[in-house]
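Reading through the structure tokens given below for one structure.
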Amino acid sequence: MKRLILIDGSSYLYRAFHALPPLTNAAGEPTGALFGVVNMLRATLKEKPDYVAFVVDAPGKTFRDDLYPQYKANRPPMPDELRAQVQPMCDIVHALGIDILRVDGVEADDVIGTLATQAADAGMEVTISTGDKDFAQLVRAPDGNGGGSIALVNTMTGSRMDSDAAVIEKFGVPAGRIVDLLALMGDTIDNVPGVEKCGPKTAAKWIGEHGSLEGVIAAAPGIKGKIGDNLRAALDRLPLNRELVTIRTDVPLEQGPEALVLRERHVDQLRGLYARYGFNQALRELEGGTVGAEVAEKEPGRARGTGFATATAAAPEGLDPALAAPGQYETVTTVEQLQAWIATLRAAGSFALDTETDSLDPMRARLVGLSFAAEPGRAAYLPLGHDYPGAPAQLGYEQALDLLRPLLADPAVRKIGQHGKYDLHVLRRHGVAVAGYADDTLLESFVLDSGNARHDMDSLALRHLGYTTVKYEDICGKGVRQIPFSQCALDDATRYAAEDADITLRLHRVLSARLQAEPQLQAVYRDIEMPLVQVLERIEANGVLVDMDELRRQGADLSRRMLEAQERATALAGRSFNLDSPKQLCALLFDELKLPALVKTPKGQPSTNEEALEAIADLHELPRIILEYRGLAKLRSTYTDKLPEMVNPETGRVHTSYHQAGAATGRLSSSDPNLQNIPIRTDDGRRIRRAFVAPPGRKLVACDYSQIELRIMAHLSQDPGLLGAFASGADIHRATAAEVFGRPLEEVTVNERRAAKAINFGLMYGMGAFGLARQLGIDRGQAQDYIALYFSRYPGVRDYMERTREQARERGYVETVFGRRLHLEYINARNAAQRAGAERAAINAPMQGTAADIIKRAMIAVDAWIADHAQRARMLLQVHDELVFEADEEFVPELVSRVPELMSAAGDLSVPLVVDTGIGNNWDEAH
DNA sequence: GCACGCCCGTAC
DNA sequence: GACGTACGGGCGTGCG
């Protein structure tokens, strides 16, 4: 069967123009869109079509303009940057041997529609390559009778639609009803107004209920609500809309599809064009044969994934060839197969493990399958929960997990994962307690390359193996039309899942070798990060109890006060406006009320942030009202409204996720929900903490390090003054004030202590005189004097900071007391602002990072101790310098005596590590 | 309708 | 440009 590919050139040119950064070649000519189109074309040609056409719009009026004079009236002219790329694009397309079709008075869509229909009628297999969803109306599956087919591919997203089923999956209606759908939706780009507020979902729903556009029109009088009114208002123009969105399949063309033969490419012309525009990869392919062959061999006949993202990088130099060889994957569906694999994995002594599920939330996800790899290139996928029409028989959960349990629970068999904490959760919740979780490629990468790299598997595979992984999207789609993993075909699932285990194993080979060569980093990885995985998994599983009634009460109170503030704001402004909109606020305050715009956002706009509003609060009443409103709105939207939604229905508790590779300094981060930024500084905010409670008979206990980062600064700098202050147990900010302002401790004023505190914190963040002046509301010269005075009293600190900057410049990284490194990409940047930023990060990272190391070590020690008392106490939360526990009331004394000891012992510094504790029925009281 | 960038604000 | 590390909500805009 002959194959025809029709490329929607205009669509790709625009999309590439918007999607890619504004690249230029050496001569300064814009090349971004061109680059995108060229990559797309190269990928398309790898499909080896018999016929190809690159179709573009031609100038001139079309039949649609006659039907509807406002058609496309709102379109801005083509940007110059893009216009400049049109001719080069045509040159390249031509040199590739592809015909360019441009028909006067006919839009590209209609040319494509006509050619596609003619070709399919003649029995060809037609692919339309476009980003425009409207073409879905042309999709037609092979009739199995010698008739042709029309499929749609979008090489930018990798999606493919080749049957009514696929169209229905994406749009909720079959190909034949797409025009009805589009008529209802309208198209703002083409200036075709549809039914207001009617998107694809509503349109599909109506068509589903009433059969067709005619059905919907007939049913219009009975459709309720605002949207029903909108529909009735639009009734008259719906037939015209449909005509406008219908792609013509019968325009007269001079030549048929059989004339569009793909010709031999002009290598010399291409070489010149690629060189001129700096397309080095394309150039290499031209000279060296076929770069893409490897991908094609690995995934024969695969039509998708030919977008920009899949350019296959060469394997890094020096990579063990075994780690670059293609993989062979097996789908395990019988007991015999599974037993054979278990024997293989056990014999190997270590293996990579990965789970597939139906959710990203590890506390809700249901297991769909497991994959394993014991040697590079050999991996298996064990499907358990694939459920779709025609799904092959699979092993039962219980049977399979019973067979696997001894292996997974055996601490002597080492398991390797990528972000294994997730898999540990899932398996635990399915009755399997994994032991021997020994290596994690996410954490290996995090420890090795913190600061200058991403650590997700796709990035790691490309960086360390030169390998482009199968993306989840390729298998399951994305957006609203994404299907759960349990509904994807077993061979697709195996290709994806087994690859995950395979790649994890290969990555571990590469990364563990690198760690081996760095004993300090190896120690951070082996003694801190890996043991912490199970600790975090337990903390997350514990969750924290939330008093929903308390949140509801607070939410209602906040709403009432927000309304009051809003009414007062409206009265003051003399008109209504959206208090949540910084843009509208700007217009009101700075244009209408002519208040001075004293603060600018990073983009140079007038800012309405707290500082800006405070600055004009004495000139007008409104700014204060807005500040009041903002404070209330933040609490309600972020906390009282959202937290109840996050309660897990199975456990009745809130389970945050801690990200072990979340912050480059080594700190954890928390999300879904973020429990590390619950308010504490204002009374209203603090009240939120009353909703984090202990169940009856239990208490919450909070233990926090006192001034840990400043103590680390004392340790790192070995400054005698600072060391002495901490040794004496003095209030550190008061002691600093006494030193800087030259008076006895007892004579330090409140303001002096405040200034000293600002200096102490500011220095740790690399703050300069400018920042200190702003913070304290003093002039810059005075701030400079304070800083100079500080450094003269604490010269060790000054020397330490200079040493740190120097080390960062020389080595490109800084390190913590425990040897954790943070790489600083911009430390020697030409751009002064970038460089200054990197220097501040360099100053801060050893302190923040050492504190993170210490509390992580403490968590491991506390977890080990608490394991013996698991019924009586649980660790619930970590907030950078604080650990929160829930304990039986009778156990609290023991906890309060033991935990601070363990926390203090987690670091061996030149100053004491002091831990404060609090006990209460809720988190607020426990402080 | 959705994805994304911006602005803003919360924590340590 | 000016204070480090995070996460997240609401708004406004672009999408071809």
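Residue numbering restarts at 1 for every chain, and letters A, B, ... go by the order of the sequence lines.
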(message) Check this one for me: any side-chain N or O of A:Asn578 less than 4.0 Å away from OP1 or OP2 of C:dC11?
(response) yes

(request) Figure out the CG/P separation between A:Leu13 and C:dC15, and round it to whole Å. (result) 13 Å

(message) By nearest atom, which of the nucleotides C:dT5, B:dA11, C:dC11 is closest to the A:Thr665 side chain?
(response) C:dT5

(request) Choose from C:dG4, B:dC8, B:dC12 the nucleotide whose nearest atom is closest to any side-chain atom of A:Asn609. (result) B:dC8

(request) Would you mind reporting whether A:Leu913 and A:Ile708 have side-chain heavy atoms less than 4.5 Å apart? (result) yes

(message) Measure CZ/A:Phe761 against C1'/B:dA11 and give the value in whole Å, please.
(response) 13 Å

(message) Please confirm whether the shortest side-chain N or O distance from A:Lys583 to OP1 or OP2 of C:dT13 is below 4.0 Å.
(response) yes

(request) Side chain of A:Thr608 only, please: which of B:dC12, B:dC8, B:dG9 is the nearest? (result) B:dC8

(message) Can you classify the ring geometry of A:His733 versus A:Phe761 as parallel (below 30°), tilted (30 to 60°) or perpendicular (above 60°)?
(response) tilted

(message) On the nucleotide B:dC12, are OP1 or OP2 found under 4.0 Å from the side-chain N or O atoms that A:Arg667 carries?
(response) no

(message) Using whole Å, what does the distance between atom C1' of nucleotide B:dA11 and atom OH of A:Tyr658 come to?
(response) 12 Å

(request) Compare side-chain N and O positions of A:Thr638 against OP1 and OP2 of C:dG8 and report whether any pair is under 4.0 Å apart. (result) no

(message) If only side-chain N and O atoms count, and only distance matters, is there a donor-acceptor pair under 3.5 Å linking A:Thr656 with A:Ser670?
(response) yes

(request) Indicate yes or no: does A:Asp684 engage A:Arg636 in a salt bridge with an N to O separation below 4.0 Å. (result) no

(request) For A:Gly762, answer base if it contacts any base atom (sugar-phosphate contacts may also be present), sugar-phosphate if it contacts only those atoms, and nothing otherwise; contact means non-hydrogen atoms under 4.0 Å. (result) nothing

(request) Can you check whether any acceptor in the base of B:dC8 is under 3.5 Å from a donor in the side chain of A:Arg630, or vice versa? (result) no

(request) Would you kindly give the CG-to-P distance between A:Asp580 and B:dG9, to the nearest whole Å? (result) 12 Å

(request) Remember a base hit wins even if backbone is also touched, and classify A:Ala664 as base, sugar-phosphate or nothing at under 4.0 Å, heavy atoms. (result) sugar-phosphate

(request) For the residue pair A:Ile688 and A:Gln554, establish whether any side-chain heavy-atom pair is separated by less than 4.5 Å. (result) yes

(message) Looking at A:Ala33, is its backbone amide N or carbonyl O close enough to the side chain of A:Gln85 to form a donor-acceptor pair, meaning the two atoms are under 3.5 Å apart?
(response) yes

(request) Could you please name the option among C:dG9, C:dC11, C:dG1 that lies closest to any side-chain atom of A:Ser637? (result) C:dG9

(request) Rounded to the nearest angstrom, tell me the gap between atom CG in A:Leu716 and atom P in C:dG4. (result) 19 Å

(message) Can you see if the side chain of A:Ser581 gets near the phosphate of C:dG12 - specifically, an N or O under 4.0 Å from OP1 or OP2?
(response) yes

(request) Please check the phosphate of C:dC7 (OP1 and OP2 only) for any side-chain N or O of A:Ser669 closer than 4.0 Å. (result) yes

(request) From the options C:dG4, C:dG8, B:dT10, select the nucleotide whose nearest atom is closest to the side chain of A:Arg840. (result) C:dG4

(request) Take the protein atom CG of A:Leu632 and the nucleotide atom P of C:dG10, then report the distance between them rounded to whole Å. (result) 15 Å

(message) Please report the distance, rounded to the nearest Å, between CD in A:Glu611 and P in C:dA2.
(response) 12 Å

(request) Specify the separation, in whole Å, of atom CD of A:Gln676 and atom P of B:dA11. (result) 13 Å

(request) Just call it for A:Ser10: base, sugar-phosphate, or nothing, with non-hydrogen atoms closer than 4.0 Å on any strand. (result) nothing

(request) Identify which nucleotide among C:dG8, B:dA11, C:dG9 has an atom closest to any side-chain atom of A:Pro679, counting heavy atoms from C-beta outward. (result) B:dA11

(message) By the 4.0 Å heavy-atom rule, please label A:Glu610 as base, sugar-phosphate, or nothing.
(response) sugar-phosphate

(request) Select base, sugar-phosphate, or nothing to describe what A:Arg774 touches, counting heavy atoms under 4.0 Å on all strands. (result) nothing

(request) Pick base, sugar-phosphate or nothing for A:Gln584, based on heavy-atom distances below 4.0 Å to the nucleic acid. (result) sugar-phosphate

(request) Looking at every strand, decide which applies to A:Lys634 at a 4.0 Å heavy-atom threshold: base, sugar-phosphate, or nothing. (result) base

(message) What I'd like to find out is whether the side chain of A:Leu643 reaches to under 4.5 Å of the side chain of A:Leu675, using heavy atoms alone.
(response) yes

(message) I want to verify a distance call: between C:dC7, B:dC7, C:dG12, whose nearest atom is closest to the A:Asn674 side chain?
(response) C:dC7

(message) Heavy atoms only, 4.0 Å cut-off, all strands: where does A:Ile680 land among base, sugar-phosphate and nothing?
(response) sugar-phosphate

